[in-house]
Amino acid sequence: KKNKIYVLSDDIKAINEFQNDITNPMPKAPFLALSSLNLSNEQWKELMVNCSWKELRKNLNTFKRHNVFDDLSLVELASKRLSDHKSVIHSKAMPYEILNAYIHSDEMPTSIRNSLHVAMDYSLENTPEINGNVALCVDTSGSMSYHVMSNGKHISKIRYVDIAALFASAVMKKNKNSDLFLFDTKLHKHNVNSFDSVITNATKIEKYGGGGTDCSIPLKHILKTNKNYDVIIFISDNESWMGESYSRTTGHQKAWEEYRESHKNTKLICIDISPSLTTQTKEHSSVLNVSGFNDNVFKIIKSWLELQE
């Protein structure tokens with residue numbers, strides 16, 4: 001039986017040689033193949049210059065830890081690349097991943113933080129559009145200022161209100177026929193709009209309310225106006241302990257059923273940022289209950305709505 005002979009490409013040879021001796025010139029190679037090595041600060045600078053947009057966004061704190069941003073010219077370069085509109089769109093960057101980077105960039109140079117701020121708003125263009133008349137009902141209760149649990153055990157720096165502002169901003173940017181309702185135990189007049197950034201809207205939203213939660217409040221208001229909505233979306237931590245309660249249903253469920261009597265084609269989407277074993281609305285062909293949040297939520301909602309058409 002003849003032995004097979006494998007001939008390594010020049011690129012693979014260069015990577016192997018560099019891994020054996022990192023004083024050799026840095027080859028063109030996947031980011032992870034190089035970042036796992038014991039690189040010098042100068043080599044980390046070279047790696048940052050040549051990395052992709054996503055690799056830059058994901059490894060900002062790693063670059064800082066290796067003193068890359070002590071070089072002001074590289075701070076400027078990183079800032080320009082992060083806030084480049086074409087790069088954000090081409091990389092298919094999504095808003096939640098950038099929000100996560102922004103929230104964890106508090107020790108970054110100001111220009112890099114500002115660039116993430118800009119990139120987050122550009123990334124809203126990568127979210128799918130929700131068509132028709134849309135009612136966005138955002139919970140502003142006190143518990144919305146709590147921090148998200150990461151992996152079920154670690155407390156993230158991201159708050160529920162940050163996610164709510166991100167989602168509302170994304171929908172409002174893409175759909176000019178959307179109405180925003182902020183509520184806790186009452187509706188709040190507000191000046192949140194689609195022209196402000198996600199971070200600005202989060203700052204505005206967190207100033208409203210702060211009390212308990214009654215998820216039936218916006219639905220009761222919509223009932224009074226009798227406006228026809230194609231989609232009604234709730235985003236909350238689902239801690240609705242205020243308002244009416246019934247033996248087998250909630251005030252939210254009762255208001256929804258009443259609205260559906262005269263608006264048969266309306267769909268209801270309830271995003272529970274803090275997943276639990278209960279929901280405010282029973283499962284139904286007209287209802288989508290979503291537990292938790294990441295960038296896939298945008299696609300899930302869009303796909304579900306298309307299936308209902």
Side-chain angles (χ1 to χ4, degrees), residues 94-100 103 124 126-128 130 134-171 178 180-184 198 202 205-206 209 212-219 229 231-243 245-246 248-257 260 266-308:
M94 293 292 282
Y96 188 69
E97 68 186 46
I98 302 177
L99 174 65
N100 192 39
I103 295 293
L124 298 180
N126 289 331
T127 61
I130 299 175
V134 179
L136 286 165
C137 306
V138 174
D139 181 359
T140 63
S141 63
S143 57
M144 287 293 284
S145 64
Y146 293 173
H147 290 258
V148 176
M149 291 294 289
S150 176
N151 298 322
K153 54 184 178 180
H154 300 297
I155 297 177
S156 168
K157 288 185 177 182
I158 298 177
R159 303 165 302 165
Y160 296 134
V161 68
D162 297 320
I163 295 174
L166 180 147
F167 184 84
S169 296
V171 175
S178 55
L180 176 65
F181 301 99
L182 303 183
F183 73 95
D184 41 48
V198 171
I205 290 173
E206 70 178 337
T213 311
D214 183 354
C215 288
S216 69
I217 292 290
L219 277 176
Y229 287 104
V231 187
I232 299 175
I233 303 175
F234 276 79
I235 181 160
S236 170
D237 60 353
N238 224 18
E239 296 292 334
S240 183
W241 51 272
M242 300 291 289
S245 61
Y246 304 86
R248 294 193 177 186
T249 189
T250 63
H252 184 270
Q253 175 75 34
K254 185 174 183 292
W256 166 241
E257 289 174 351
R260 276 275 295 174
T266 303
K267 308 304 177 187
L268 177 66
I269 299 170
C270 299
I271 303 172
D272 177 8
I273 311 173
S274 178
S276 62
L277 297 177
T278 60
T279 61
Q280 288 299 309
T281 311
K282 297 175 184 176
E283 290 293 336
H284 186 270
S285 59
S286 63
V287 178
L288 174 66
N289 286 306
V290 179
S291 294
F293 192 90
N294 61 28
D295 282 316
N296 287 326
V297 168
F298 294 102
K299 297 175 183 176
I300 290 169
I301 290 174
K302 181 66 173 178
S303 296
W304 182 77
L305 288 172
E306 288 175 347
L307 288 172
Q308 307 305 307

From [atom1] ([X]) to [atom2] ([Y]), nearest 0.5 Å:
X	Y	atom1	atom2	result
Leu219	Phe183	CG	CZ	8.5 Å
Asp162	Tyr96	CG	OH	9.0 Å
Met94	Leu166	CE	CG	9.0 Å
Leu180	Ile233	CG	CD1	11.0 Å

Please find the pair of heavy atoms, one from [X] and one from [Y], that lie closest to each other, and give the distance.
X	Y	value
Asp237	Ser141	OD1-OG, 4.4 Å
Val198	Ala165	O-CB, 4.0 Å
Ile232	Cys137	CG2-SG, 4.1 Å
Ile217	Asp184	CG1-O, 4.4 Å
Ser286	Trp256	OG-CZ2, 3.7 Å
Thr127	Ala170	OG1-CB, 4.1 Å

Q. Do Asp139 and Ser236 get their side chains close enough for a donor-acceptor pair, meaning under 3.5 Å?
A.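 Side-chain D/A pair, Asp139 to Ser236: present.
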
What I'd like to find out is whether the side chain of [X] reaches to under 4.5 Å of the side chain of [Y], using heavy atoms alone.
X	Y	answer
Lys267	Leu305	yes
Leu136	Ile235	no
Met144	Ile273	yes

Q.
Would the distance check show the side chain of Thr266 and the main-chain N or O of Tyr229 forming a donor-acceptor pair, the cut-off being under 3.5 Å?
A. yes

(Q) For Val231 and Ile301: C-alpha separation, side-chain torsions, deciding distance, then whether side chain to side chain contact (heavy atoms under 4.5 Å, CB included) applies. (A) CA-CA 11 Å; Val231 187; Ile301 290 174; over 6 Å; no

(Q) Tell me every residue that passes side-chain hydrogen bond (donor to acceptor under 3.5 Å, both in side chains) with Lys299, counting only those two or more places apart in sequence or in another chain. (A)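 Not a single residue meets the side-chain hydrogen bond (donor to acceptor under 3.5 Å, both in side chains) criterion with Lys299.
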
**Q.** Pairing residues for Lys302 by the salt bridge (Lys or Arg N to Asp or Glu O under 4.0 Å) criterion, not counting sequence neighbours
**A.** none

Q) Where does the angle between the aromatic ring planes of Phe167 and Phe298 fall among parallel (under 30°), tilted (30 to 60°) and perpendicular (over 60°)? A)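 Parallel, since the angle between the ring planes stays under 30°.
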
